[in-house]
Amino acid sequence: MVTRLEEPIEIPRQWYNIVPDLPAKLPPVLDPQTRTTADKKLLHRTFIGELARHEYSGERFIPIPEEVRQVYSIWRPTPLVRARHLEEALHTPARIYYKNETGSPPGSHKANAAVAQAYYAAKEGIERLVTSTTAGQWGTALAFGCSIFGVKCTIYMSRSSYEGKPYRKDLAEGWGAEIFSSPSRRTAVGREILKKDPNGPGTMSIAKSEALEDARSDPDARNAVGSIMNFVLATQTVVGEEAIAQLRGLDDYPDMVVGCVGGGSNFSGIFWPFYRDGVAKKGPKRVQFLGAESSAAPKLTKGEYIYDHADIMRTSPLFKMYTVGHTFVPPVVHTGGLRVHGTAPTLSLLRSRGVIDAVAYNQLEAIEAASFFARTEGVLPAPETAHAIRAVIDEAKRCKSSGEKKVILFNLCGHGLLDIEAYREFNSGKMKANDADPAEIKKSIAEVKALYPWLYQ
Ligand SMILES: Cc1ncc(COP(=O)(O)O)c(C=O)c1O
């Protein structure tokens, strides 16, 4: 009984861009000053030129440069594994497959986007990439990509994770990056926040403001991002494209595709190609797409679909997205990568149209499921990934009750070997759920709406 397809498949030659296949036009990105569509020049000043072009591209496919495919070949194609031991332990009639993205040098899917960004930066003569990271998976991935293509890398990492996951910092430094605890004293934003709250845990929104300030103050630097933007999500579609080819080889096709959701990149990366099959009426069945988020930052399940900033200092334009508000400080959890206030505009549009479903779990529910997975399938998942695993296990249990032979595919997007503290805390019985306070979410969303009443008239 094989658990993996034995014939090799090819590394994809193109990334898929969902924009032309969305059920409606994406709402424009707004400049709060002019109250009209944000000037595209801002995007070009902030990001790498080629990627800023991808952001607005109406092309369905973007060729993957050979240099990028060559780096991908270090760990791609990634295995598609049938989780037979998990199925057996759950006594479920469901067939569970996972795409194992843990084999990239930094240990997660984030490398797919990082290598692309570092490649284009080097090609355009950009000397330094500046970024923000929470759990550090994205920061380490960018450090890896930059080391391959000879680009300098500066990382602002939320303090709670910087202190809780020290090996990620070491790993980034090992690849030659400089990495700072955020809020930091290096930026005006960081200094202002430290003055008000010297011991705050930091958030993605603060780290993003610091990275934007740093990148904008240096003409030789650009901002690199690990999620949310279309150009990032598109580079993750290598995961879904490979999964389609591998499942074809096994003569199977999913009923359900699951991913955890922070900004939305690993989930989009695995489900977009199946969505395209559905739009083109090529898929053999209608697929359900399920995003699993953290109850510490539950934008898809408890947030609102409104215009909001990506960062605390409101230096980014306004994106229409599911958000819990950019001033919301999510409780500290081990799932730093899901501790993000907003999610991708494309994913948000699909959620608003009922194309994707969402579920939220707290860290106890997630790590319990991930521990069960580790004991049956062997891989110790990242705490973020654990949320997707919880959703898969819940669904497989429902199949056991109903007898349904559902085919479930999920993205095992990262390993947890550098998140071992989360498992230690869980095993010692000291871990708390740390759900977001609904009153705080309400307050933060009201603050966003009060800032721009013209959007709600
Ligand atoms: C392993 C892992 N999974 C998921 C996420 C969430 O990001 P995204 O929703 O963009 O995949 C992160 C973010 O840092 C991560 O490190």
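Each ligand, and each atom within it, is numbered from 1 in the order the structure gives. All values below were derived from every heavy atom in this structure, side-chain atoms included, with hydrogens, water molecules and symmetry-related copies excluded.
Note on ligand 1: A135 sits outside its first shell, no heavy atom being nearer than 4.0 Å.
In this structure, R82 does not pair ionically with D252, as no charged nitrogen and carboxylate oxygen lie closer than 4.0 Å. Salt-bridge formation is not detected for the pair E87/R95: no Lys NZ or Arg NE/NH1/NH2 atom is positioned less than 4.0 Å from an Asp or Glu carboxylate oxygen.
Only side-chain heavy atoms of H109 come within less than 4.0 Å of ligand 1; its backbone N, CA, C and O stay farther off. Contact annotation: for L338 versus ligand 1, heavy atoms closer than 4.0 Å belong to the side chain alone.
Among C260, G416, G139, the residue whose heavy atom lies nearest to atom 4 (C) of ligand 1 is C260. By heavy-atom distance, the residue among S227, A113, C413 lying nearest atom 3 (N) of ligand 1 is C413.
With a 4.5 Å cut-off on side-chain heavy atoms, F319 and M229 count as touching.
Around atom CD of Q70, no more than 12 heavy atoms belonging to other residues, nucleotides or ligands sit under 6.0 Å away.
Taking the six-membered ring where tryptophan is involved, the planes of F267 and F271 are tilted, since the angle between them lies from 30° to 60°.
Looking at atom 1 (C) of ligand 1, its nearest protein heavy atom turns out to be Q137 NE2, 3.6 Å. Of the protein's heavy atoms, G337 O, 3.5 Å lies nearest to atom 6 (C) of ligand 1.
A side-chain donor-acceptor contact under 3.5 Å links N112 to the backbone of H109.
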